[in-house]
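Below, chain A is the first sequence line, B the second, and so on; all start at residue 1.
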There are 2 protein chains.
Amino acid sequence: MGHESSCLVAKLSHYVTLTDADREKLATFEKTERSFAGGTEIHQGGDENRELYVVKRGWAFSYTDLPDGRRQIVKIHHPGDVIGFPDVALKHTTTTLRTVEDVCLCPFPKSALDLILREAPRLSALLLSIALRDQVVFIDVLRAMGRMSAREKIAYMLLDLIARLRITNPGMTDTFRLPMNQGQIADYLGLTNVYVSKTFIRLEQDGLIRRHDGYVQILAEEQMIALTDFQDRYAQMDTSWFPQA
Amino acid sequence: MGHESSCLVAKLSHYVTLTDADREKLATFEKTERSFAGGTEIHQGGDENRELYVVKRGWAFSYTDLPDGRRQIVKIHHPGDVIGFPDVALKHTTTTLRTVEDVCLCPFPKSALDLILREAPRLSALLLSIALRDQVVFIDVLRAMGRMSAREKIAYMLLDLIARLRITNPGMTDTFRLPMNQGQIADYLGLTNVYVSKTFIRLEQDGLIRRHDGYVQILAEEQMIALTDFQDRYAQMDTSWFPQA
DNA sequence: CGTGCCATTGATTATCCTCAAGAAGAGTGG
DNA sequence: CCACTCTTCTTGAGGATAATCAATGGCACG
């Protein structure tokens, strides 16, 4: 993940062949970069007129709170992800953005999208497709939240994370670093930190996973896929209907 | 809702002024129409190469099942909605579409989007915005599913439905028809039909709502908004960054 | 060597589910 | 017009999953 080629270009190239003109336009998204320490709040929900970010390094997440403090983490951001895309539709930010660890982000203004839409129909189609694919992913999460047990939810989350990480790290096998703590995992899955702990231990005892120093190893991926009816939405998209280059 | 102006045009016109060229392109979405009886399965999750639909009349919903039969309703469709938009990104349908009552739909092919993206940047921006706005809506639902009690979930659902219906029916006040049964509401909110019944009764006893012959009346909208921290995502969008006409 | 964060563990509680049965209403056929 | 069925909503009893509360130990960090 990159010196010359950015993680964004790497991620998008997974789906279509980008022309030099496309790469040039995308490069404007990563002109500037800013670093943040772990546990930093980068912007708050309700802020106005925000920028978008491309993640260059590190994990972050977006969350919303209920007035009484209950928290829901809504999206976990990895390198190559675009943060804040959904908020483009609205005048105000809907979620708060917080870093999990030390992070490097590339901010860019909404108006950069305008250029893409006017001049690059093929890239527009790709951006639209990613927005729509993300909707499908949200639908999958919704199903997990509404109808899965705690055990299934955690299995689902682990499968989802590893599927996403494999897109940009093709060498990855069955082990990945999980820098989030159990309170954050609980806020993502609609559980409590205590119950996440207990459920992780059961998953380990049942031989589905193993944990060591912040890493998770998936021992029985097939079994976990069956348990959660997991579908990988990241590996491929339908680009057949795109405008020609 | 429509003879000359379609519900789709009506819904989109709420956000931007459409040119005649725009209307003409959108009209291709509603060239043909098909009617379905209530309780019909229109297409199954996993089907290939599907069409999109504009809803002309009646309610429908999209759902996914887990292998053991647990069901999650993912989206409730009203007149003017485009059904199947998220699936454009993928080769196969992700959800099953079922009618709630007698329904009239206008099917159109994916490729119609291609035309828009190539020739109508402003309309492209609007479609992209709607896709992104729908993501925000999914995020709101996610928060409800993850962190709200049954009582709050139902209140949230009712507020969401009435906010959506108000877009196309500006005359609507505090009462609307809710043609879904309690099992379907349960499948939407991640509850059971029994508990939905009990919770509805409590809401009624507490004077928040009233029910009569399939209609729901919101008696204490302010209180319910406070209870659920409800945000109306439908009333306005940020169109300021759109390409000029 | 404190201090703070985090994971773990146990005891208790509550929300919501499961199972079961009954009532009200709509539609059907005789 | 009257059974009859079917669906939906309601009600109650009992149970399970996950929450809450509280305490402990490990580990990193200053």
(request) Output the single nucleotide from dG12(D), dT20(D), dC16(C) whose closest atom is nearest the side chain of Val194(A). (result) dT20(D)
(request) Report which part of the nucleic acid Gly190(A) touches: base, sugar-phosphate, or nothing (heavy-atom distance under 4.0 Å, all strands). (result) sugar-phosphate
(message) With a cut-off of less than 4.0 Å, is there a side-chain N or O of Arg211(A) near OP1 or OP2 of dT8(C)?
(response) yes
(request) Tell me whether the OP1 or OP2 atom of dT10(D) has a side-chain N or O from Gln182(B) closer than 4.0 Å. (result) yes
(message) Would you say His43(B) and Thr96(B) are linked by a side-chain donor-acceptor pair, where the criterion is simply a distance under 3.5 Å?
(response) no
Would you be so kind as to tabulate the donor-acceptor pairs closer than 3.5 Å made by side chains of residues 80-88 of chain A, with sequence neighbours excluded?
unit_1, atom_1, unit_2, atom_2, d
Asp81(A), OD1, Lys11(A), NZ, 2.7
Asp81(A), OD2, His78(A), N, 2.7
Asp81(A), OD2, Arg164(A), NH2, 2.6
Asp87(A), OD1, Thr94(A), N, 3.4
Asp87(A), OD1, Thr94(A), OG1, 2.7

(request) Would you mind reading off the distance between Gln184(A) atom CD and dA7(C) atom C1', rounded to a whole angstrom? (result) 14 Å
(message) Just checking Tyr188(B) against Phe61(B), ring centres under 6.0 Å apart?
(response) no
(message) How many whole angstroms separate atom CZ of Arg147(B) from atom C1' of dA18(D)?
(response) 11 Å
(message) Please compare Arg151(A) and Phe200(B) by the position of their nearest nucleotide in DNA chain D and report the one closer to 5'.
(response) Phe200(B)
(request) Return the value, rounded to whole Å, for the distance between atom CE of Met145(A) and atom P of dA18(D). (result) 12 Å
(message) Checking contacts here: which listed nucleotide (dA7(C), dC9(D), dG10(C)) is nearest the side-chain heavy atoms of Asn181(A)?
(response) dA7(C)
(message) Under 4.0 Å between a side-chain nitrogen and a carboxylate oxygen: does that hold for Arg233(B) and Asp140(B)?
(response) yes
(request) Report the distance from atom CD1 of Ile185(B) to atom P of dT8(D), rounded to the nearest whole Å. (result) 12 Å
(message) Would you say Ser197(A) places a side-chain N or O within less than 4.0 Å of OP1 or OP2 belonging to dA7(C)?
(response) no
(request) Determine: side-chain N/O of Thr192(B) to OP1/OP2 of dC16(C), distance under 4.0 Å, yes or no. (result) no
Do any side-chain atoms of residues 189-198 of chain B form donor-acceptor pairs under 3.5 angstrom with protein atoms, and if so which ones, sequence neighbours left out?
unit_1, atom_1, unit_2, atom_2, d
Thr192(B), OG1, Tyr195(B), N, 3.3

(request) Return the value, rounded to whole Å, for the distance between atom CZ of Arg70(A) and atom P of dA19(D). (result) 12 Å
(request) Identify, between Lys198(A) and Glu204(B), the residue whose nearest nucleotide on DNA chain D lies closer to the 5' end. (result) Glu204(B)
(request) Answer with base, sugar-phosphate or nothing: what part of the nucleic acid does Thr199(A) contact at a heavy-atom distance below 4.0 Å? (result) nothing
(request) Round to the nearest Å and state the distance from Leu191(A) atom CG to dT20(D) atom P. (result) 11 Å
(request) With heavy atoms under 4.0 Å as the rule, sort Val196(A) into base, sugar-phosphate or nothing. (result) nothing
(request) Report the distance from atom CG of Asn193(B) to atom P of dT10(D), rounded to the nearest whole Å. (result) 11 Å
(message) Can you measure Tyr195(B) atom OH to dG14(D) atom P for me and round it to whole angstrom units?
(response) 18 Å
